[in-house]
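For ligands, and for the atoms within them, numbers begin at 1 and follow the listed sequence. Remember, predicted model here, so these are calculated numbers, not experimental data. By convention here, the first residue in the shown sequence is residue 1.
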Amino acid sequence: MLNVEHIGIAVKELEKSEKLFSALFNVAPYKRETVQSEKVSTSFFQINQTKIELLEATSPDSVIAGFIEKKGEGFHHIAFEVEDIESEMLRLQNEGFTLLNNVPKIGADNKLVCFLHPKSTNGILIELCQEIR
Ligand SMILES: C[C@@H](C(=O)O)C(=O)SCCNC(=O)CCNC(=O)[C@H](O)C(C)(C)COP(=O)(O)OP(=O)(O)OC[C@H]1O[C@@H](n2cnc3c(N)ncnc32)[C@H](O)[C@@H]1OP(=O)(O)O
Ligand SMILES: [Co+2]
C-alpha cells in the first residue's frame, strides 16, 4: 500500500458541510462529483498533501444514509492508494480480509476502488484506490 489517498466523512447536507470545512481548512473544495453507482454526492478538499472527501447520500438506500441513521455524521472510511489494485485485492484476500467487491469498481476522481469489510479490519472501513491510467 502507498499513501493515504483520502479520508471519507459522511454528512447530511453537502452544502452546509462544505461551508463548515471550507472555514476549518481555509480552502474551498476543488470539485464536486456524484457517483451514481455508490449513491453518493462527493465534495473534495485538498489540504496540502491531505485529501478529504465529504459524502452525502443521493438516495435513502445509500450506505451513507444507513450509516448516518445508525451512527450519525462523521468519519466514514480511510482510502489507501495502491499501485495495482487487483494484485492488492488478491493479496489481502489471501491474508483473510473480506473484500466487499470482487471486481474493482469505478470510484470518484478517476479511480478504481475496492472496499474491505470493517468486520475484518478492526471496525475501520478501508478503501483501496488505484488511479485509472
Ligand atoms: C465514491 C467513492 C470514492 O471515494 O471513490 C466512495 O468513497 S463511496 C463511499 C460509500 N460506499 C461504500 O462505503 C461502499 C462499501 N460499504 C459497504 O458496502 C457498506 O457500507 C458496509 C460496510 C458493508 C456496511 O453496510 P451494511 O448494509 O452491512 O450496514 P450495517 O449498518 O448493517 O453495518 C454492518 C456492520 O458494519 C458496521 N459499519 C457500517 N459502516 C461502517 C463504517 N463506515 N465504518 C465502520 N463500521 C461500519 C456497522 O456498524 C455494523 O456493525 P455492527 O454489526 O457491529 O453494528
Ligand atoms: Co472514498
A.B. asks: Under a plain distance cut-off of 3.5 Å, with no hydrogens placed, do Ser41 and Thr34 share a side-chain donor-acceptor pair?
C.D. replies: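 A pair is found: one side chain offers a donor N or O, the other an acceptor, under 3.5 Å apart.
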A.B. asks: Look at atom 1 (C) of ligand 1 and say whether a protein heavy atom is found at less than 4.0 angstrom from it.
C.D. replies: yes
A.B. asks: Within the supplied structure, the quantity of interest is the number of heavy atoms (other residues, nucleotides, ligands) at a distance under 6.0 Å from Asn26 CG; does it exceed 12?
C.D. replies: no
A.B. asks: Would you say the side chain of Val4 lies within less than 4.5 Å of the side chain of Phe80, judging by non-hydrogen atoms?
C.D. replies: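 Contact flag for Phe80/Val4 side chains = yes.
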A.B. asks: Any donor-acceptor pair under 3.5 Å linking the side chain of Glu73 with the backbone of Val11?
C.D. replies: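 No, Glu73 side chain to Val11 backbone: no donor-acceptor pair under 3.5 Å.
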A.B. asks: Is there at least one protein heavy-atom neighbour under 4.0 Å from atom 7 (O) of ligand 1?
C.D. replies: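 Flag for atom 7 (O) of ligand 1 set to true, protein heavy atom closer than 4.0 Å.
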A.B. asks: For atom 26 (P) of ligand 1, decide whether some protein heavy-atom distance is shorter than 4.0 Å.
C.D. replies: no
A.B. asks: Considering only heavy atoms, does His77 approach ligand 1 within less than 4.0 Å through its side chain, its backbone, both, or neither?
C.D. replies: side chain
A.B. asks: Would you find a donor on one side and an acceptor on the other, under 3.5 Å apart, between the side chain of Ser62 and the backbone of Ile64?
C.D. replies: yes
A.B. asks: What I want to find out is whether Glu18 reaches Arg32 closely enough, with some N-O distance under 4.0 Å, to be called a salt bridge.
C.D. replies: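 Counted as a salt bridge, because a side-chain N and a carboxylate O are separated by less than 4.0 Å.
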A.B. asks: Nearest protein heavy atom to atom 40 (N) of ligand 1, by residue and atom, and its distance?
C.D. replies: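 Closest protein heavy atom to atom 40 (N) of ligand 1: Phe67 CD1, 3.7 Å.
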A.B. asks: Considering only non-hydrogen protein atoms, determine which one is nearest to atom 10 (C) of ligand 1 and report residue, atom name and distance to 0.1 Å.
C.D. replies: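 Result for atom 10 (C) of ligand 1: Val63 CG2, 3.6 Å.
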A.B. asks: If I compare all heavy atoms of Ser43 with all of Pro29, which pair ends up nearest, and what's the gap?
C.D. replies: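 Heavy atoms only, the tightest pair is OG-CB, 3.4 Å.
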A.B. asks: Counting non-hydrogen protein atoms only, what is the nearest one to atom 5 (O) of ligand 1? Give residue, atom name and distance.
C.D. replies: Ala108 N, 2.7 Å
A.B. asks: Could you tell me which atoms of ligand 1, counted from 1 in the order shown, lie closer than 4.0 angstrom to a heavy atom of His6?
C.D. replies: 4 (O)
A.B. asks: Hey, is atom 32 (O) of ligand 1 touched by any protein heavy atom at less than 4.0 Å?
C.D. replies: yes
A.B. asks: Please list the nearest protein heavy atom to atom 4 (O) of ligand 1 with its residue and the distance rounded to 0.1 Å.
C.D. replies: Glu53 OE2, 2.7 Å
A.B. asks: Which protein non-hydrogen atom lies closest to atom 30 (P) of ligand 1, naming both residue and atom, and how far is it?
C.D. replies: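 Looking at atom 30 (P) of ligand 1, the protein heavy atom closest to it is Lys70 NZ, 3.5 Å.
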A.B. asks: Within ligand 1, which atoms have a heavy atom of Leu125 less than 4.0 Å away?
C.D. replies: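 Listed by number with element: 13 (O), 42 (C), 43 (N), 44 (N).
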A.B. asks: With atoms numbered from 1 as shown, which atoms in ligand 1 lie under 4.0 angstrom from a non-hydrogen atom of Lys119?
C.D. replies: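 Answer, ordered by atom number: 51 (O), 52 (P), 53 (O), 54 (O).
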A.B. asks: If you look at every heavy atom in Ile106 and Val35, which pair is closest and at what distance?
C.D. replies: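 Between these two residues, the closest heavy atoms are O-CG1, 4.0 Å.
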A.B. asks: Using the rule given for side-chain hydrogen bond (donor to acceptor under 3.5 Å, both in side chains), can you reason through Glu53 versus His76, listing the C-alpha separation, both sets of side-chain angles and the distance that settles it, and then say yes or no?
C.D. replies: CA-CA 10 Å; Glu53 173 184 57; His76 184 260; over 6 Å; no
A.B. asks: Return the set of residues passing side-chain contact (heavy atoms from CB on, under 4.5 Å) with Glu69 (not counting sequence neighbours), or none when no residue passes.
C.D. replies: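 Result, side-chain contact (heavy atoms from CB on, under 4.5 Å) vs Glu69: none returned.
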A.B. asks: For ligand 1, does Glu38 get within less than 4.0 Å through its side chain, its backbone, both, or neither, judged by non-hydrogen atoms?
C.D. replies: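 For Glu38, the contact with ligand 1 is made by the side chain alone.
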A.B. asks: On a heavy-atom basis, I'd like to know which of His76, Lys51, Glu5 is closest to atom 13 (O) of ligand 1.
C.D. replies: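 Heavy atom nearest to atom 13 (O) of ligand 1 belongs to His76.
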A.B. asks: Near the Co ion (ligand 2), which protein N/O/S atoms are found at less than 2.8 Å?
C.D. replies: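 Protein N/O/S atoms under 2.8 Å of the Co ion (ligand 2): His6 NE2, Glu53 OE1, His77 NE2, Glu127 OE1.
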A.B. asks: So Glu56 and Val40, side-chain contact (heavy atoms from CB on, under 4.5 Å) or not? Walk me through it.
C.D. replies: CA-CA 5 Å; Glu56 179 193 66; Val40 293; over 6 Å; no
A.B. asks: Which of the atoms in ligand 1, numbered in the order shown and given with their element, are less than 4.0 Å from a heavy-atom of Gly107?
C.D. replies: 5 (O)
A.B. asks: Looking at ligand 1, would Gly66 count as a contact under a 4.0 Å heavy-atom criterion?
C.D. replies: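 No, Gly66 has no heavy atom closer than 4.0 Å to ligand 1.
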A.B. asks: Check ligand 1 against Lys71 and write out every atom of the ligand that is under 4.0 Å from a heavy-atom position of the residue.
C.D. replies: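 Near Lys71, meaning under 4.0 Å from one of its heavy atoms, ligand 1 has 45 (C), 46 (N), 47 (C), 49 (O).
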A.B. asks: Under a 4.5 Å cut-off applied to non-hydrogen side-chain atoms, are Pro104 and Met89 in contact?
C.D. replies: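 Pro104 vs Met89: side chains touch.
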A.B. asks: Passes side-chain contact (heavy atoms from CB on, under 4.5 Å), Leu128 versus Glu81? Steps please.
C.D. replies: CA-CA 6 Å; Leu128 309 175; Glu81 187 187 351; over 6 Å; no
A.B. asks: What part of Pro118 sits under 4.0 Å from ligand 1 if we count only heavy atoms: the side chain, the backbone, both or neither?
C.D. replies: side chain
A.B. asks: For atom 45 (C) of ligand 1, what is the closest protein heavy atom, and at what distance to 0.1 Å?
C.D. replies: Gly123 O, 3.1 Å
A.B. asks: Sequence neighbours left out, what passes salt bridge (charged side-chain N to carboxylate O under 4.0 Å, His left out) with Glu83? Give chain and number order.
C.D. replies: Arg133
A.B. asks: Indicate the ring-plane relationship of Phe45 and Phe21, choosing parallel, tilted or perpendicular according to the 30° and 60° boundaries.
C.D. replies: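 Tilted, since the angle between the ring planes falls between 30° and 60°.
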A.B. asks: Test: side-chain hydrogen bond (donor to acceptor under 3.5 Å, both in side chains). Region: residues 93-106. Which pairs qualify, not counting sequence neighbours?
C.D. replies: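 Pairs touching residues 93-106 that pass the test: Glu38-Lys105.
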A.B. asks: Considering only protein heavy atoms, which is closest to atom 15 (C) of ligand 1, and at what distance to one decimal place?
C.D. replies: Phe115 CG, 3.5 Å
A.B. asks: Specify the protein heavy atom at minimum distance from atom 18 (O) of ligand 1: its residue, its atom name, and the distance to 0.1 Å.
C.D. replies: Leu100 CD1, 3.8 Å
A.B. asks: By number and element, which atoms of ligand 1 are closer than 4.0 Å to a non-hydrogen atom of Glu127?
C.D. replies: 3 (C), 4 (O), 5 (O), 6 (C), 7 (O)
A.B. asks: May I have the step-by-step check of side-chain contact (heavy atoms from CB on, under 4.5 Å) for Ile52 and Phe44, ending in yes or no?
C.D. replies: CA-CA 6 Å; Ile52 302 287; Phe44 286 98; over 6 Å; no
